[in-house]
Colleague: 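I'd like to ask you about the structure that follows.
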Amino acid sequence: MPELPEVHNFKLYFDAAATGQTIASVRVHDDYIIRNMSGPAFADALAGRTITGSLRRGKYLFAELDNGHSLLLHFGMTGDLNLYQDEVDRHKFERFALHFTDGNILGFDDPRKFARILYLHDRDTYIREIKLGPDALDISLQTWLTAVRGRKTTIKGVLLNQSILAGVGNLYADEICYRTRIHPAARVDSLTDEQLTSIHTETVAVMTYGTENAPYYKNYPENWFWHVWRQEGKPGPEGIGEVKITKVAGRTTYYVEGWQMLVE
DNA sequence: TGTGATGTTGAATG
DNA sequence: GCATTCAACATCAC
């Protein structure tokens with residue numbers, strides 16, 4: 001379920017569970033999601049290391065190790081963390097687990113195996129290599145405008161582009177478009193600076209609300225689009241317009257006809 | 001039982 | 001080289 005606010009929650013969970021902990025051993029059940037090492041090499045690299053903290057950027061969570069290296073956790077579509085002591089609490093789709101010296105176990109679950117786990121010598125080099133953009137919570141208006149002005153793709157396409165800004169995914173992109181009354185398929189070069197500014201404002205507002213309230217979607221305020229998301233044909237929030245489904249930037253997309261405009 | 005899924009990538013194309 | 005599009009990835013749930 002992970003977009004920026006959800007990964008923020010993972011960070012809180014991870015920090016409480018793992019910071020200051022020393023890894024006694026690593027149990028790997030399926031090394032498919034470990035993208036730059038074999039299972040045994042991964043276990044070897046982590047054994048004996050102490051976790052000193054973590055850094056989140058967009059949907060990427062970097063665990064910091066006492067040797068200056070990092071462990072990247074990217075949750076894909078279905079990644080999750082699970083702290084437990086007793087084997088009976090191990091989840092069915094755990095792919096690997098860190099066994100700490102105090103007996104606690106931190107499992108990484110991932111049914112669909114779209115997660116990406118990498119052992120990194122240098123986190124910042126990696127961030128440069130994948131061209132990961134500024135965090136969607138922090139991006140300045142100027143950086144945003146400079147990055148997107150004049151683009152020929154859709155507004156949803158740029159919101160999902162992690163090298164422009166990091167953290168927005170399919171659900172929040174629709175939420176942001178709904179709030180600004182802009183159709184997700186509107187071409188960026190058809191939008192005014194005012195509209196692009198409101199996209200920036202709402203992006204930061206949505207991400208901030210999500211991280212500060214650490215809620216689950218169903219707890220979001222009544223007037224959020226999320227509540228009618230995926231409910232094609234239903235009235236929009238507050239009874240205005242009608243929810244429609246389409247495809248934008250290769251992703252299933254919902255918007256409210258009669259509320260969101262496809263500017264020319 | 002076929003289809004779609006809160007994501008990213010690399011190849012192909014312009 | 002850059003911008004953009006899109007199929008592919010692996011598996012589960014409805």
Side-chain angles (χ1 to χ4, degrees), chain A residues 1-11 29-36 39 56-62 72-81 91-96 108-118 120 126-133 135-137 146-178 184-190 203 206-207 209-211 213-220 224-232 245-255:
Chain A
M1 1 176 194
E3 300 184 37
L4 190 154
E6 291 71 45
V7 179
H8 172 78
N9 289 349
F10 285 138
K11 174 177 162 55
H29 314 296
D30 182 340
D31 65 4
Y32 175 83
I33 62 172
I34 302 165
R35 307 297 173 129
N36 66 344
R56 183 197 58 72
R57 174 135 158 203
K59 306 170 193 171
Y60 292 71
L61 183 61
F62 299 90
L72 165 63
L73 305 175
H74 189 293
F75 296 85
M77 299 274 249
T78 55
D80 203 358
L81 297 173
H91 288 168
K92 183 178 174 190
F93 296 110
E94 180 179 287
R95 302 306 179 185
F96 72 90
F108 189 97
D109 307 334
D110 187 24
R112 268 180 70 192
K113 302 206 281 192
F114 274 25
R116 317 187 89 79
I117 307 299
L118 281 84
L120 301 172
Y126 176 78
I127 287 176
R128 271 196 303 279
E129 279 172 3
I130 64 168
K131 298 185 165 63
L132 187 60
D135 193 79
L137 267 179
T146 305
V148 302
R149 265 195 196 117
R151 292 207 179 226
K152 294 179 172 63
T153 190
T154 58
I155 187 63
K156 180 157 179 176
V158 303
L159 283 170
L160 293 178
N161 185 333
Q162 303 297 303
S163 65
I164 294 174
L165 80 171
V168 177
N170 199 32
L171 189 159
Y172 287 105
D174 285 355
E175 183 77 47
I176 292 161
C177 289
Y178 167 77
R187 271 174 56 134
V188 175
D189 61 3
S190 76
T203 299
V206 167
M207 294 295 131
Y209 187 91
T211 51
N213 295 279
Y216 188 62
Y217 303 100
K218 63 184 179 190
N219 298 328
Y220 282 150
W224 280 41
F225 184 45
W226 156 247
H227 294 284
V228 291
W229 200 69
R230 287 200 198 158
Q231 300 188 41
E232 191 189 2
I245 183 173
T246 182
K247 191 148 251 185
V248 180
R251 306 296 301 278
T252 301
T253 296
Y254 296 85
Y255 67 99

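The structure displayed is predicted, hence computed values, not measured ones. Convention: sequence-line order gives letters A, B, ...; per-chain numbering from 1.
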Colleague: Does A:G250 reach a base, just sugar-phosphate, or nothing at all? Heavy atoms under 4.0 Å.
Modeller: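 Nothing, no heavy atom under 4.0 Å.
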Colleague: Do A:R112's NZ or CZ and the ring of A:F114 fall within the cation-pi criteria of under 6.0 Å and 45°?
Modeller: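 Yes - A:R112 lies over the ring of A:F114, closer than 6.0 Å to its centre and within 45° of its axis.
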Colleague: Can you tell me the Watson-Crick or wobble partner of C:dA13, both distances under 3.5 angstrom?
Modeller: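 B:dT3 is the nucleotide pairing with C:dA13.
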Colleague: Test A:R95 against A:D30 for salt bridge (charged side-chain N to carboxylate O under 4.0 Å, His left out), laying out the working first.
Modeller: CA-CA 5 Å; A:R95 302 306 179 185; A:D30 182 340; 3.8 Å; yes
Colleague: Any side-chain N or O of A:K59 under 4.0 Å from OP1/OP2 of B:dG7?
Modeller: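 Result: yes.
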Colleague: Give the nucleotide from the list B:dT6, C:dA3, B:dT9 with an atom nearest to the side chain of A:Y60.
Modeller: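 The closest nucleotide is B:dT9.
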Colleague: For the ring pair A:F225 and A:Y255, is the centre-to-centre distance below 6.0 Å?
Modeller: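 No.
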Colleague: Please report the distance separating the P of B:dT3 from the corresponding atom of C:dA7, rounded so that it comes out in whole Å.
Modeller: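 Result for the P pair: 15 Å, nearest Å.
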Colleague: If I take atom CG in residue A:L73 and atom P in nucleotide B:dG7, what distance separates them, rounded to the nearest angstrom?
Modeller: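 After rounding, the gap between these two atoms is 17 Å.
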Colleague: For A:R112 and for A:R116, find the nucleotide of DNA chain B with the closest heavy atom, then tell me which residue's nucleotide is more 5'.
Modeller: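 The residue mapped nearer the 5' terminus is A:R112.
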Colleague: C:dT5, OP1 or OP2 - any side-chain N/O from A:T153 closer than 4.0 Å?
Modeller: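 Yes, because at least one side-chain N or O of A:T153 sits under 4.0 Å from OP1 or OP2 of C:dT5.
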Colleague: Report the residue from A:F75, A:Y60, A:F108 that forms a ring-ring contact (aromatic ring centres under 6.0 Å, His included) with A:F10.
Modeller: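 For A:F10, the ring-ring contact (aromatic ring centres under 6.0 Å, His included) check succeeds only for A:F75.
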Colleague: So does A:T252 get a side-chain nitrogen or oxygen closer than 4.0 Å to the phosphate oxygens (OP1/OP2) of B:dA5?
Modeller: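 Yes, within the criterion.
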Colleague: Rounded to whole Å, please give me the gap between CZ in A:F114 and P in B:dT9.
Modeller: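 So the two atoms are 13 Å apart, to the nearest Å.
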Colleague: Whole-Å distance between B:dT6 P and A:L160 CG?
Modeller: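 The answer, rounded to whole Å, is 12 Å.
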Colleague: Give a yes/no answer on whether the side chain of A:H74 brings an N or O atom under 4.0 Å of OP1 or OP2 in B:dT8.
Modeller: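 It does, given that an N or O in the side chain of A:H74 lies less than 4.0 Å from OP1 or OP2 of B:dT8.
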